[in-house]
Amino acid sequence: MSGYRGRGVHGSTVEVLGARIVDGSLGPGEVLDLAAIGAEFDVSLTALREAIKVLTAKGLLDARQKRGTFVRPRSEWNVLDSDVIRWRQQSGDAAAVLRDLAEVRTAIEPEAAALAAQRRDERDLQALRDALAAMDAARDKLPRDAADADLQFHQALLDATHNELFAQMRIFVEPALYIRDELVHDHAVSDPLPSHRRVVDAVEAGDVVEARAAALALLEQSVEDVVRVLDEEQGGDA
């Protein structure tokens, strides 16, 4: 997922402050002591203000005259922002994040697959085949490689709808895939290729009903894998 990790002092400040807000270390309404934060992170006021602008754009902070810079309530956060999603996961909220994303994806992707079955062209089909090949090649690689290949597939499917709004729905797909693949890596889970290939076969055949059903089955299998891994990890911690 995109984010501010690795972007120097400015990025580090965004990263730490954002994580503290999301995990509750900095609570709603709390006013930031900018001088103390600047001293803690050893950053200039200019760099700190740039970080605050980023967090303000994400809905986490606000600034008012006579009140200062303060944390906004959770209801005002941009919960679709990839960094906010990642900070939620890191704060121990992974199960809830994945549940929310899975429910939204279930409402979107089966219909996208059905539409793709109606509108796909040869270029779309080749993009889906290439994505399957990339997923196969990424089997024994790092979680990031597997997630990249998986995202390539789902983006190709969304693009095959030839609907610009559907194509932008990767905003829900991308964080779900990266969190899932990081979570299930090194665990015994179902082989993802057959379920993805079933979607491609249906789209290629122009079978709207089967494309919708195949995409739904793919998502259901993904959820089952995550639930099983979370149960295993919780059992291991007991």
Side-chain angles (χ1 to χ4, degrees), residues 1-109 143-144 147 151 154-155 158 164-183 223 226 230 234:
M1 292 186 328
S2 60
Y4 280 82
R5 292 173 293 185
R7 296 190 184 180
V9 174
H10 163 249
S12 298
T13 305
V14 171
E15 188 69 24
V16 175
L17 285 179
R20 288 181 183 178
I21 292 169
V22 172
D23 72 15
S25 298
L26 292 171
E30 186 167 345
V31 178
L32 302 189
D33 185 336
L34 300 187
I37 292 173
E40 178 186 354
F41 297 151
D42 192 23
V43 295
S44 68
L45 185 57
T46 299
L48 182 55
R49 283 174 174 164
E50 288 301 313
I52 289 171
K53 285 182 182 179
V54 173
L55 294 170
T56 298
K58 296 177 184 295
L60 301 182
L61 292 176
D62 200 355
R64 302 282 176 85
Q65 285 188 346
K66 299 183 179 180
R67 181 174 178 183
T69 301
F70 59 93
V71 178
R72 296 171 72 177
R74 186 184 181 107
S75 60
E76 297 179 6
W77 297 354
N78 178 5
V79 294
L80 300 181
D81 181 89
S82 61
D83 288 316
V84 175
I85 291 172
R86 178 168 53 79
W87 292 328
R88 281 186 62 196
Q89 176 220 358
Q90 292 172 349
S91 71
D93 206 15
V97 172
L98 287 168
R99 179 204 63 211
D100 291 350
L101 290 169
E103 289 174 353
V104 174
R105 291 180 66 196
T106 298
I108 293 171
E109 291 191 77
R144 177 80 191 202
L151 179 60
H154 288 275
Q155 185 63 60
L158 293 170
E164 290 181 344
L165 297 181
F166 266 117
Q168 291 296 319
M169 291 299 101
R170 71 177 285 154
I171 191 173
F172 301 110
V173 178
E174 182 176 4
L177 294 180
Y178 285 119
I179 295 172
R180 176 196 178 278
D181 284 9
E182 181 178 331
L183 180 67
V223 170
V226 167
L230 287 172
Q234 290 172 358

Distance in Å, [X] [atom1] paired with [Y] [atom2], rounded so as to fall on 0.5 Å steps:
X	Y	atom1	atom2	result
Thr13	Asp42	OG1	CG	9.5 Å
Arg86	Asp81	CZ	CG	9.0 Å
Thr69	Ile37	OG1	CD1	8.5 Å
His154	Phe172	NE2	CZ	15.0 Å
Gln89	Tyr178	CD	OH	13.0 Å
Asn78	Leu55	CG	CG	12.0 Å

What side-chain donor-acceptor pairs closer than 3.5 Å can you find for residues 92-103, not counting sequence neighbours?
from: Asp93; atom 1: OD2; to: Arg88; atom 2: NE; distance (Å): 3.1
from: Asp93; atom 1: OD2; to: Arg88; atom 2: NH2; distance (Å): 3.1

* To do: Might you point out which heavy atoms bring Pro73 and Pro28 nearest each other, and give the distance in Å?
  =>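 Heavy atoms only, the tightest pair is CA-CB, 4.1 Å.
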* Which residues satisfy the salt bridge (charged side-chain N to carboxylate O under 4.0 Å, His left out) test with Arg170, sequence neighbours excluded? -> Glu174
* In chain order, what residues pass the salt bridge (charged side-chain N to carboxylate O under 4.0 Å, His left out) check against Arg64, with sequence neighbours excluded? -> Asp62
* Asked: Testing Leu48, Leu60, Val22 for side chain to side chain contact (heavy atoms under 4.5 Å, CB included) with Leu17, which one passes?
  -> Leu48
* Apply side-chain contact (heavy atoms from CB on, under 4.5 Å) to Ile171 and list each qualifying residue two or more places apart in sequence or on a separate chain. => Leu80
* pair Val223-Thr106: side-chain heavy atoms closer than 4.5 Å -> no
* **For Arg105, all residues meeting side chain to side chain donor-acceptor pair (under 3.5 Å), sequence neighbours excluded** => Glu109
* **Contact list for residues 17-33, test salt bridge (charged side-chain N to carboxylate O under 4.0 Å, His left out), sequence neighbours left out** => Arg20-Glu40
